[in-house]
Amino acid sequence: MATAEAKSDKRGDLLSVRSILFLPASNPRAIAKARDAGSDLVVLDLEDAVKSEDKEAAREAAVDAVAEPWSMPVAIRINGAGSEWHSLDLDAVARSKADYVVVPRAVSAHLVRDVSETAGKPVLAMIETAAGVLAAGEIARACAGLIAGTNDLRADLRLPLDATREPISTSLQLILLGARAAGIAAFDGVFNSLEDAEGFFKEAEAGRRLGFDGKSLIHPNQIGPCHRAFAPSSAEIERAKALVAAFHGGAERFGNEMIERMHVEAAERVLERAAG
């Protein structure tokens, strides 16, 4: 449960979010484009995407950007605890109209609760370190959603630069388990290659099959493929409709399978996501 309540309308429905577009708050052109790009959620970044000398300007730009209405929920990613910008970022988010605050390198539920209480916003916690992965279950109970920070996680685990997702597969599953146990949303990490559309789609599709609700993006061109990857196929939709229609309670046969209430609930989730 988030410390600060999410909005009750669709802006608070993180389980329906497929795409989270990250962009530097220091880039006004990127902010302008993001307004009409069609992502489900936008994150104005004050952390890694912003140079040290641009931090103050980016902070004010983020506050100004969310002062105007957006068609989707908007979050601000603050600089981490212990940095010289952390408290100033928190103050800025608290006076802003942002829907969420994104906490980088979250390692404890205590930190997440403090951020949420100070900023007065629900938290999206980024799990980017070994310590964060091992604390994911506790962190999940203090926030509104978990985001896998796969680049930082690879670095923290000292993996080769060209490492695949296989070495972090256990970490991804632990992040997902923590989120599901707490009943909150979970989002996959970024795909770094801007030119490899096929590779992006395959990774996004694999993330969906692992159980993630959506994926972090670094470019508007990734939004369309992301939405396609996280959408149920026509075959999935037809099967879900047939399964729901065939169920009458208890365990029963559906084609060559035995189905129970849990299968119907899964089919209903497919139909909900298809309805969008």
Passes side chain to side chain contact (heavy atoms under 4.5 Å, CB included), Ile237 versus Leu271? Steps please.
CA-CA 6 Å; Ile237 294 170; Leu271 297 178; 4.0 Å; yes
Over 12 non-hydrogen atoms of neighbours within 6.0 angstrom of CD in Glu265:
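Yes, because the 6.0 Å sphere around CD of Glu265 holds more than 12 heavy atoms from other groups.
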Atom CD of residue position Glu53 - does it have more than 12 heavy atoms of other residues, nucleotides or ligands inside 6.0 Å?
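Yes, CD of Glu53 has more than 12 neighbouring heavy atoms, counting only those of other groups under 6.0 Å.
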N/O donor to acceptor pairs below 3.5 angstrom from side-chain atoms of residues 186-196, sequence neighbours left out:
from, atom 1, to, atom 2, distance (Å)
Asp188, OD1, Arg165, NH1, 3.2
Asp188, OD1, Arg165, NH2, 3.4
Asp188, OD2, Arg165, NH1, 3.3
Asp188, OD2, Arg165, NH2, 2.8
Asn192, OD1, Asn151, ND2, 2.9
Asn192, ND2, Asn151, OD1, 2.9
Ser193, OG, Asp196, N, 3.4
Asp196, OD1, Gly199, N, 2.8

Within one Ile-Leu-Val-Met-Phe-Trp-Tyr cluster: [X] and [Y], side-chain cutoff 4.5 Å:
{"X": "Ile78", "Y": "Val63", "value": "no"}
{"X": "Ile223", "Y": "Ile218", "value": "no"}
{"X": "Val66", "Y": "Leu88", "value": "no"}
{"X": "Val133", "Y": "Phe212", "value": "yes"}
{"X": "Leu134", "Y": "Ile139", "value": "no"}

May I ask you to test the [X]-[Y] pair for a side-chain heavy-atom distance under 4.5 Å?
{"X": "Ile76", "Y": "Val101", "answer": "no"}
{"X": "Pro167", "Y": "Leu157", "answer": "no"}
{"X": "Leu153", "Y": "Thr129", "answer": "no"}
{"X": "Ile31", "Y": "Leu23", "answer": "yes"}
{"X": "Gln222", "Y": "Lys215", "answer": "no"}
{"X": "Val115", "Y": "His86", "answer": "yes"}

Atom [atom1] of [X] and atom [atom2] of [Y]: how far apart are they, to the nearest 0.5 Å?
{"X": "Leu21", "Y": "Leu41", "atom1": "CG", "atom2": "CG", "result": "9.5 Å"}
{"X": "Leu176", "Y": "Ser171", "atom1": "CG", "atom2": "OG", "result": "12.5 Å"}
{"X": "Ser19", "Y": "His227", "atom1": "OG", "atom2": "NE2", "result": "2.5 Å"}
{"X": "Glu128", "Y": "Asp48", "atom1": "CD", "atom2": "CG", "result": "7.0 Å"}
{"X": "Ser116", "Y": "Lys121", "atom1": "OG", "atom2": "NZ", "result": "10.5 Å"}
{"X": "Ile147", "Y": "Phe22", "atom1": "CD1", "atom2": "CZ", "result": "4.0 Å"}

Using the side-chain hydrogen bond (donor to acceptor under 3.5 Å, both in side chains) rule, collect all pairs that involve residues 173-182, keeping only residues at least two apart or in two chains.
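Residue pairs with at least one partner in residues 173-182: Arg180-Asp213.
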Tell me every residue that passes side-chain hydrogen bond (donor to acceptor under 3.5 Å, both in side chains) with [X], counting only those two or more places apart in sequence or in another chain.
{"X": "Asn27", "result": "none"}
{"X": "Arg269", "result": "none"}
{"X": "Asp89", "result": "Arg59, Asn79"}
{"X": "Arg95", "result": "Glu60"}

Kindly give the cluster partners of Val270, where membership spreads through any ILVMFWY side chain lying under 4.5 Å from a current member.
none
If a pair satisfies salt bridge (charged side-chain N to carboxylate O under 4.0 Å, His left out) and one of its residues is in residues 248-264, list it, with sequence neighbours excluded.
Arg239-Glu257
Sequence neighbours excluded, every pair satisfying salt bridge (charged side-chain N to carboxylate O under 4.0 Å, His left out) that has a member inside residues 21-43:
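Every salt bridge (charged side-chain N to carboxylate O under 4.0 Å, His left out) pair that includes a residue of residues 21-43, provided the two are not neighbours, is Arg18-Asp40.
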Partner set under salt bridge (Lys or Arg N to Asp or Glu O under 4.0 Å) for [X], not counting sequence neighbours:
{"X": "Asp114", "value": "none"}
{"X": "Glu68", "value": "none"}
{"X": "Glu236", "value": "Arg208"}

Hey, does the side chain of [X] reach the backbone of [Y] with a donor-acceptor pair shorter than 3.5 angstrom?
{"X": "Trp85", "Y": "Glu47", "answer": "no"}
{"X": "Lys55", "Y": "Leu46", "answer": "yes"}
{"X": "Asp99", "Y": "Ala75", "answer": "no"}

Considering all heavy atoms of both residues, which atom of [X] and which atom of [Y] are nearest to each other, and what is their separation?
{"X": "Ala246", "Y": "Phe254", "result": "CB-CD1, 3.8 Å"}
{"X": "Gly178", "Y": "Leu146", "result": "C-CD1, 4.5 Å"}
{"X": "Ala125", "Y": "Val112", "result": "CB-CG2, 4.2 Å"}
{"X": "Cys143", "Y": "Ile184", "result": "O-CG2, 3.6 Å"}
{"X": "Ala81", "Y": "Leu111", "result": "CB-CD1, 3.8 Å"}
{"X": "Tyr100", "Y": "Pro73", "result": "CE1-CB, 4.2 Å"}

As a quick check of understanding, evaluate side chain to side chain contact (heavy atoms under 4.5 Å, CB included) for Val102 and Ile20, giving each step before the final call.
CA-CA 11 Å; Val102 178; Ile20 301 180; over 6 Å; no
